[in-house]
Amino acid sequence: MKKKMIIPALAATLIGGAVAGNSLFSTAFASGKAPVTSQVEDQKDDDNIAELQAKTKLTLDEAQVIALNKVAGTVKDSELEDEDGIVVYSFEIKTTAGDVNDVKVNAENGEIVKVENDAKDDENGTEEGKDGEENDDNIADLQAKAKLTSDEAQVIALKEVPGTVNKSELEDEDGVVVYGFEVKTASGDVKDVKVDAASGKIVKVESDSESEGKEGKE
């Protein structure tokens with residue numbers, strides 16, 4: 001009788017141990033899920049960055065020089081990213097006026113892909129998306145017509161008006177594609193110098209005070 005009583009008790013002990021073991025295994029498995037998922041996501045991010053870096057031909061420093069030539073100021077943040085299928089260096093630049101601009105430079109050929117003002121984005125909300133696309137198309141159209149680089153045009157502008165370039169822009173001036181430079185002279189005057197992006201000729205030179213006077217009359 002004693003033997004018959006011992007066997008069921010032993011069986012119960014074994015079953016209880018198995019249940020406890022399964023419970024511990026399940027707990028350990030569940031606790032291990034989060035780190036594994038996190039590791040996979042981190043690996044994907046690393047692979048994506050490596051893939052973007054493999055497509056670049058410019059270094060970050062080279063791209064930064066181009067960005068600052070387009071928008072003078074201080075770089076607050078920089079990032080390598082995909083912009084609609086184009087690998088770009090993205091720079092957040094704070095100007096001396098306090099504005100913050102996002103400048104995106106093509107990491108393969110050094111072209112300016114996009115320039116956006118953060119303040120305008122906030123003010124215009126969703127409509128800025130439409131305006132941004134139109135501006136991008138316009139910039140691409142102007143770049144296609146330009147034969148000089150921004151650096152080459154800047155040299156011409158500074159020969160005409162010696163000083164420091166505060167701002168530069170590729171724009172349409174009465175049907176002519178020009179590089180517009182805001183140049184501060186040694187005497188403190190600020191001049192707008194426009195250089196034909198195809199021929200390198202000086203299209204216009206005027207001081208900011210003259211521009212403001214004309215706008216006031218209009």
Side-chain angles (χ1 to χ4, degrees), residues 52-53 55-81 83-84 86-121 132 135-173 176-186 188-208 211:
L52 293 177
Q53 287 175 332
K55 296 178 181 178
T56 64
K57 292 183 180 178
L58 276 71
T59 65
L60 177 64
D61 288 341
E62 290 170 337
Q64 181 169 306
V65 169
I66 295 170
L68 289 174
N69 186 53
K70 181 67 177 175
V71 178
T74 304
V75 174
K76 295 295 183 182
D77 191 23
S78 61
E79 186 178 7
L80 184 64
E81 59 187 4
E83 178 74 19
D84 299 327
I86 301 172
V87 180
V88 302
Y89 286 106
S90 178
F91 299 94
E92 184 179 286
I93 301 175
K94 186 173 183 179
T95 67
T96 52
D99 294 333
V100 177
N101 291 273
D102 288 324
V103 183
K104 299 183 188 297
V105 180
N106 190 314
E108 294 184 71
N109 58 27
E111 290 182 355
I112 298 294
V113 176
K114 184 180 292 185
V115 177
E116 290 181 336
N117 186 293
D118 281 358
K120 289 181 180 178
D121 291 346
N135 289 337
D136 292 343
D137 292 340
N138 186 45
I139 290 172
D141 189 34
L142 295 177
Q143 286 176 334
K145 296 177 182 177
K147 292 183 180 179
L148 277 70
T149 65
S150 179
D151 288 341
E152 291 169 337
Q154 182 171 308
V155 170
I156 296 170
L158 290 176
K159 280 184 180 179
E160 181 72 18
V161 179
T164 303
V165 173
N166 291 333
K167 185 171 66 174
S168 63
E169 186 177 11
L170 185 62
E171 57 190 352
D172 185 299
E173 178 74 19
V176 179
V177 179
V178 302
Y179 285 104
F181 298 95
E182 185 181 282
V183 182
K184 187 173 183 179
T185 67
D189 294 333
V190 177
K191 302 274 189 181
D192 286 325
V193 184
K194 300 186 187 297
V195 180
D196 190 313
S199 66
K201 291 181 179 179
I202 298 294
V203 175
K204 185 183 291 184
V205 177
E206 60 183 13
S207 67
D208 274 2
S211 300

With no hydrogens and no angle check, is any side-chain donor or acceptor of [X] less than 3.5 Å from a backbone partner on [Y]?
X	Y	value
Y89	L58	yes
Q154	F181	no
S199	D196	no
S168	N69	yes
Y179	L148	yes

Working note: T164 + V183, criterion side-chain contact (heavy atoms from CB on, under 4.5 Å); need CA distance, chi angles, decisive distance, verdict.
CA-CA 5 Å; T164 303; V183 182; 6.0 Å; no
Go through the steps for V88 and V105 under the test side-chain contact (heavy atoms from CB on, under 4.5 Å), then give the verdict.
CA-CA 5 Å; V88 302; V105 180; 6.0 Å; no
Side chains of [X] and [Y]: does their closest heavy-atom pair fall under 4.5 Å?
X	Y	answer
I156	I202	yes
V195	V203	no
V161	V205	yes
I112	V103	yes

For a side-chain contact (heavy atoms from CB on, under 4.5 Å) check, start with the C-alpha distance between L60 and S78, then their side-chain angles and the critical distance, and finish with the verdict.
CA-CA 8 Å; L60 177 64; S78 61; 4.0 Å; yes
Let me confirm one number: the [atom1]-[atom2] distance from [X] to [Y], rounded to the nearest 0.5 Å.
X	Y	atom1	atom2	result
D189	K184	CG	NZ	10.0 Å
S150	E111	OG	CD	12.0 Å
T185	L158	OG1	CG	11.5 Å
K76	D102	NZ	CG	14.0 Å
D77	I93	CG	CD1	11.0 Å
N101	K94	CG	NZ	12.0 Å

Pick out which of K104, E83, E79 makes a side-chain hydrogen bond (donor to acceptor under 3.5 Å, both in side chains) with S90.
K104
Trace of the side-chain contact (heavy atoms from CB on, under 4.5 Å) decision for E182 with V165:
CA-CA 6 Å; E182 185 181 282; V165 173; over 6 Å; no
Got a sec, which pairs hit salt bridge (Lys or Arg N to Asp or Glu O under 4.0 Å) with one end in residues 156-171, sequence neighbours left out?
E171-K194
Short N-O contact, E108 and K55, less than 4.0 angstrom:
no
Could you tell me whether K204 and E173 make a salt bridge, using a distance below 4.0 angstrom between a side-chain N and a carboxylate O?
yes
Any residue meeting side-chain hydrogen bond (donor to acceptor under 3.5 Å, both in side chains) with N109, in chain and number order, not counting sequence neighbours:
N106
